[in-house]
Amino acid sequence: MRKKEDFQFDKPTWCRGCGLYGVLEALKRAAAALDLEPENMVIVTGIGCHGRLNSHFRAFGFHGLHGRVLPLASGVKLANSRLTVAGVSGDGDAYSIGMGHFIHAVRKNIGLTLVVVDNRIYGLTQGQTSPTSSLGFRSISTPFGSKEYPLDGLKLALAAGGSFISRGFSGEVGPLAGLMEQALSHKGFSLVEVLSPCVTHNSVNTYGWFRSRLLKVEQEPGYDPADIRKAWALLDREDRLPVGLVFRREKAAFQEMVLEGRDLALAAADLRPDRARLEKIMEKFR
Amino acid sequence: MRKKEDFQFDKPTWCRGCGLYGVLEALKRAAAALDLEPENMVIVTGIGCHGRLNSHFRAFGFHGLHGRVLPLASGVKLANSRLTVAGVSGDGDAYSIGMGHFIHAVRKNIGLTLVVVDNRIYGLTQGQTSPTSSLGFRSISTPFGSKEYPLDGLKLALAAGGSFISRGFSGEVGPLAGLMEQALSHKGFSLVEVLSPCVTHNSVNTYGWFRSRLLKVEQEPGYDPADIRKAWALLDREDRLPVGLVFRREKAAFQEMVLEGRDLALAAADLRPDRARLEKIMEKFR
Amino acid sequence: MDNSSGVAGREPQGDISVLIAGEAGDGILFTSNVLAKVLKRHGWEALTCRDFPSNIRGEPSSTIIRASRRPLLGRPDKVDIILAFDCQRCRQLIRFIRPGGIVLCEGEEEAPCGQHPPAAFSFYRFHMRKEAREKFGSELFKNMIVLGGLGYLFGLDQTVLDSVITEMFLKKKGRAVVDINLRAVALGYQKARELVPEEKRTSLGRKLDAGRLVLSGDEAIAFGALAAGCRFFAAYPICPASEIWQWLALNFPEFQGLVVQTEDELAALNMALGAAYAGARAMTSTSGPGGSLMMEAFSLAGMAEIPVVIAHVQRVGPSTGIPTKTEQSDLTQWVFGAHGDFPRIILAPGTLEECFDFTVAAFNLAEMYQCPVVLLTEEDMGQNSRTTPDFDLGRVTVDRGRLLTERDLAGLAEFKRYAITPDGISPRSLPSQRGGLHMVEGNEHNEKGFRQEDAANRVRMTEKRMRKLETCRKDLPPPRRWGEGGAAIGFLTIGSVLGAVLEAGEELRRRGHETKTLQIRTLWPFPGREVSEFLSLCRRAFVVENNFSGQLHTLIRSQVCPELELKKVLNYSAQPFAPADIIRAVLGDRT
Amino acid sequence: MDNSSGVAGREPQGDISVLIAGEAGDGILFTSNVLAKVLKRHGWEALTCRDFPSNIRGEPSSTIIRASRRPLLGRPDKVDIILAFDCQRCRQLIRFIRPGGIVLCEGEEEAPCGQHPPAAFSFYRFHMRKEAREKFGSELFKNMIVLGGLGYLFGLDQTVLDSVITEMFLKKKGRAVVDINLRAVALGYQKARELVPEEKRTSLGRKLDAGRLVLSGDEAIAFGALAAGCRFFAAYPICPASEIWQWLALNFPEFQGLVVQTEDELAALNMALGAAYAGARAMTSTSGPGGSLMMEAFSLAGMAEIPVVIAHVQRVGPSTGIPTKTEQSDLTQWVFGAHGDFPRIILAPGTLEECFDFTVAAFNLAEMYQCPVVLLTEEDMGQNSRTTPDFDLGRVTVDRGRLLTERDLAGLAEFKRYAITPDGISPRSLPSQRGGLHMVEGNEHNEKGFRQEDAANRVRMTEKRMRKLETCRKDLPPPRRWGEGGAAIGFLTIGSVLGAVLEAGEELRRRGHETKTLQIRTLWPFPGREVSEFLSLCRRAFVVENNFSGQLHTLIRSQVCPELELKKVLNYSAQPFAPADIIRAVLGDRT
Ligand SMILES: Cc1ncc(C[n+]2csc(CCOP(=O)(O)OP(=O)(O)O)c2C)c(N)n1
Ligand SMILES: Cc1ncc(C[n+]2csc(CCOP(=O)(O)OP(=O)(O)O)c2C)c(N)n1
Ligand code: SF4
Ligand code: SF4
Ligand SMILES: [Mg+2]
Ligand SMILES: [Mg+2]
């Protein structure tokens, strides 16, 4: 059985108190709980403070482009579907520049886990308003208050046909690790959004602010994460922030469908040219 | 009072029977019904068969890039909010490559009308599977059947906070024109998705196929387009395709918020340098 | 020549072409592909040359099909036969008929189309559409009637025509469909015979057809990818690159390959990068605007040292331009575009064999040098069909470069993914390999792959990466020389323009001007030495390319600064070069 | 020199610099900006030179602040003072201290940081953090203590320091905050005086400070945009361009301008195009990967002839590279990138006045020539603060080119948006204008803007568009010559490298080598004539630029093919040039 320390690598340099420490801790715990081998895990990150995560998680890591976590991670998964592939992204990375990929990866139900570290700010670039910042939010990009309605990634995932939709809070690492564990075991696309304070640039959405608004779905009487209408109604509440496993359904995953019947990972294919078969193909051009 | 012929320009070259004829006709009728001046209308199109529409609609026209109808149209609207700005896009243009912009324009509630001509195929590029094509759909891009779940633009618009969400059918031009008329009068972002057969490349989703699945929301007993949960439940039905005004709410539009208090369109600003005011600004650097 | 079919008719000139003109939607593409195949089976070299609108219906659309005894052809200047679906198109194109040619037009008008001196060409009304409707109940059969008619006019062997059509329909549509189509062909043959006297037609005899293929550049690249072991293809539809996809979509499943349609080109290249990183041989293809959208990930591939192959089939730009027509105006973008300095390899095949071979090479180079490799062609090469000698499948090899096995990894004291080495190439491991754990970084990083930003590391890592551009030179296709070494006139060209240049060269020789040609086959790293050498042996040099600004010319000048004045022969008409364009430029040049 | 403050101390050398070294998050940026302003108020020329990590916390971060009597400076090779927040950083950077300099370090260690001969420099422990905690209850005040300390070491006039700080805090934070900060400054001054004997410090006297500003290149561009009548700015956050946005976000509202944060760079440029088309003067700004993402819409702007301005502040590439550091490796991308041939204008300011003036010019050029105009700078110019003479606001003019009024339109028989004209410029109308209805097309189109694909139209329209590149030459900033016309050594350079080159030139002259410099200010269309002329008057020529591959060098060669060998002086260390780098290259050159 692996321990979470098996996934630790080096010391992160995030600001003291940053929610990302909780995210990293939860991911390590989840990987340990599932006894994953670091060699069989690939963590793909976007550009942002969240993007430093895989420098400190002992597994294969790919720090790609801003907003392109999902296509990159999808390529990895499809080339070798035996790998556990997780993306770690931010509210800017996944929900602003990466929104197109987000909807389509959810829709196709590609077997990845996406952790969206939502600090409601662009952390790394020194604190601009993000698509999850609330109307009126002041920052260096909107010094007189944002005029944009914030978006809800979970609602969008639900609308896009998501099969595993969850939210955690980096101030509560235990439950977050639990969600990640389930997400990493899910065959299709799994979303774990994490409410995660940026203590340096966001003085509005603090630990306290989040905590006072959390609504734990497992404590809701009669809540059933298989009921899509309940899930929608829950997410549509404006007063509270639901956390926990909001929705889950079984649905064939993209890689299961497209790789059906293949016994080898694409990446393990024997590449030696099979002359006879190629000759046969060439006949088509005669 | 203008007539629809005032908006006609030249003869389109779409395939005989293409749903786009219905879309063009409906848009002309809507513009005429609202007595819009061609000079105060801008139609922005994407790349696809739908992209030919503004070559045949007498108004200002901008045939931009594949997938970028919305940012382009938003720029026009924000620079001159007195204009009526409509985008005409396709299922590929708006929902595949343009998905990121779609979600964000809906979210910000920018005062545009977006007509998405959904023929469930990439028409212009000779018939590839699109994000609205159904699972198993065969085309030159998926000769052995698509392995992707289709998406529902209306659901996504609802989840993104849309304020005007509707769907029409190019086989029923009258109701479609009615929707467009309402959409063009809406202050915020208005979506008019049009189920529109491609008679050349899509032999599955024909006029008959669509017609047999239509569910006219105004004929649903007790349907209330102001009720978001009802709207969600309606869209979540898998057996039928709701058409009509599915959802509408009042919500300040982006241009109303950001241009508040301005008496001139940005495009009409007096550009002559005001030396005294600039001198004052320059003082900041002393 | 073995004129075994023995049909009577005008002696074949060794070169004959037909222009089929109609509208988009008329099925001209199908007709020309069948004809090209039939010509090939007759032992002739064939070239199709399409001129399609970027529209589905109702706009002028035409194709030239050319048969010749020599390979590597340009677009013909004049054609021997025009076959038009309506009078308007016929009038527009009739200027292309050679003196004495044959024009068949379906139009309803009384008078022949176009004004011409009575003897300039022979004009006939040929009612393919009407006959199709009346005899077969559908206009769809018009193309079979056209094929039959051309069969007669070219003096083709009907059994060959019939067997090609049978092959095409039998499996998918069954015997009955084949039969009715063959009857339509026969009708067309008969109708043409009734119209055109035997002595007016050309009779293409049959030669031996062995070891030859007929296909498009897109297909050759797709086949090359399959042969090279590519098993992952992610792309977004775009003309004129979609045929690569279409071919792979049909042929990959049997080889356990995967084609993924992505939401856009950003996703396509990023997904291919992910798959390549995970160990699959991965590729994407695109054109025009799609290439621009790939610039960001292209730069990442260079920085992160991911072996990926991008096939870019150029079309007319800028912006949406003319999506269905040919141009070579993305050369400098791929060589100099994308932000930052990083190693890249750009290959530009000029023949179908090169399309195949360079694609195989591209996958090897990508893995050997751990960098993005671009296959740059153009619509003319990508979509038009040409005959070619068989591809040499024996030459196909797979070299995965410094990819380590788990055993290799176990033998290492420390694995450094970005180890600084004399040749710039670092060892590579794949996810799932024991001992191979590492970070891949798009930020500047150290040898272990971790972000590091100090000046000393920056300098070392930049030099390491860029060193690969020197190391790889020995494995790149050098420029290819054609023609007489001693010739005073030198052409420098690229891609499918080669055919027109070589043909122009032959004609110029007949007119007393010896020429030679240097075909640039690797655009980057630029083969400066070879180009300088070639130029030093020219008295006059012409850079021949399909664009406005002379992008190849710019590139050459930036790299070799020749003493000789490099002249530009440009064509930015959205049409491939005709040899005549080049001949005119050379003869008109007064220096 | 007017040494009015009369503080005692070492005679000022005409040049003095301090290196402040700590970690990201230490507030070094604030300190250096205050200091630069104070130095300017003393009548000195100032330059800040930051070296920040692309991280929020905990990684080495430092800035040099340099004061000098001459303008246009390079990064100093050695500094007079080092002020370090901890011993580790101090040891890393101590090699930059000039002999006899002063080192202040907060660290807890006994021994001085770094090994050095006893007399090499004076070392002191200076406890800004500790004092801040103890005396003011928060480490935040450490920067005030530092400012006070430097005030003493530079012999600055305390009233100036105090007034700058008061201005900064009074409005936003109130009197009480100002007071406590001023007390911290005073403490720092006193503590430094207790440590460092008066005769060791430098005393910068005060000169007249009139008609001068201190700001960054990003701010100068933002101000230029405002002055030019830009009222629409759409962008996506990215270092090191965000300061343009931040300044506009603060200053636009008063001028009824609008800043929109888009979801990505694709949207940013497309939105700016939409606004420009609708008649607003519109702009976006970006860097590195954002530029790559804009290539597609850049090409559209060229084809559709939309006047748009793009400010691209280069950073270290490829890919994410080092986002916070300087490089000039996107030159060829903007000149040759994006698909297809289209007209574009690329301006590269090398001074703050040029940042301002060229931005104003960019908006005029964009409308006069109806094409995209790029302002290309680099992190060093964009983010570092420099002093400059006042911008000449009297020079600001607005020329909207061939934009028609409704009256003009009424007078036309027919309005053709893309009319073919001798100079390539067509009349333009705006949405809402009566008589101005037209189509804008990214596909190839005819004069009316409707898609048209035939060869003749294609050729005409391409030539029309590209003609603008010739027509516009007369209005573009020509290369600027610096130095002695007769000098044998010529430098060619671009952007903010200018400072280091000019400074190197002065030093070389002192060592007996006359030099001259050609500053390329318009990259495209390339000023070939002027560059050739300059080169013809050089005996040796060096192209000095901040990248690995010599992108300016490549560009020059591609356009002028000089007989002279063009030597490269490159710096790809992610640091701006120090004059010494250039001097070394020239003196080391053995030809
Ligand atoms: C294409 C591109 N555009 C912009 C940037 C600059 N950039 C770096 S991080 C970032 C946003 C970070 O926000 P988020 O994704 O929320 O991450 P956080 O730092 O908050 O974790 C941006 C805009 C970039 N690297 N690439
Ligand atoms: C960036 C880019 N990628 C690809 C294309 C090629 N392309 C042109 S139209 C089209 C899709 C058309 O589908 P849709 O939007 O549904 O329009 P339709 O033709 O069905 O109306 C594509 C992929 C392009 N023009 N630009
Ligand atoms: S800036 Fe914010 S998100 Fe980034 S490390 Fe600091 S606290 Fe965390
Ligand atoms: S291809 Fe389809 S969508 Fe395009 S014009 Fe024809 S019928 Fe309409
Ligand atoms: Mg964030
Ligand atoms: Mg479509």
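In what follows, chains carry the letters A, B, and so on, assigned in the order in which the sequence lines appear, proteins first and then strands, with residues in each chain numbered from 1.
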- What residue, out of Ala269(A), Gly64(A), Ala59(A), has the most heavy-atom pairs lying under 4.5 Å from chain C? Ala59(A)
- Could you tell me which portion of Ile43(A) (side chain, backbone, both or neither) has an atom closer than 4.5 angstrom to a non-hydrogen atom of chain C? neither
- Message: Between Phe356(C) and Phe285(A), is the ring centroid distance below 6.0 Å?
- Response: no
- chain C heavy atoms under 4.5 Å from Leu278(A): which part of the residue, side chain, backbone, both or neither? both
- Query: With a 4.5 Å limit on heavy-atom distance, are the side chains of Pro431(C) and Asn80(A) in contact?
  - Reply: no
- Query: Taking 4.0 angstrom as the limit, do Lys284(A) and Glu219(C) come out as a salt bridge?
  - Reply: no
- If we only count heavy atoms from C-beta on, is the Ile306(C) to Phe62(A) side-chain gap below 4.5 Å? yes
- Which bit of Arg107(A) is near chain C, if near means a heavy-atom gap under 4.5 Å: side chain, backbone, both or neither? neither
- Query: Could you state the interatomic distance from CD (Glu441(C)) to NE2 (His63(A)), rounded to the nearest 0.5 Å?
  - Reply: 5.5 Å
- Please state whether the side chain, the backbone, both or neither of Val42(A) comes within less than 4.5 Å of a heavy atom of chain C. side chain
- Message: Between Arg231(C) and Asp270(A), does any side-chain N to carboxylate O distance fall below 4.0 Å?
- Response: no
- Message: Is Glu283(A) in contact with chain C via its backbone, its side chain, both, or neither, using a 4.5 Å heavy-atom distance?
- Response: neither
- Message: Less than 4.5 Å to any heavy atom of chain C: does that hold for the side chain of Lys108(A), its backbone, both, or neither?
- Response: side chain
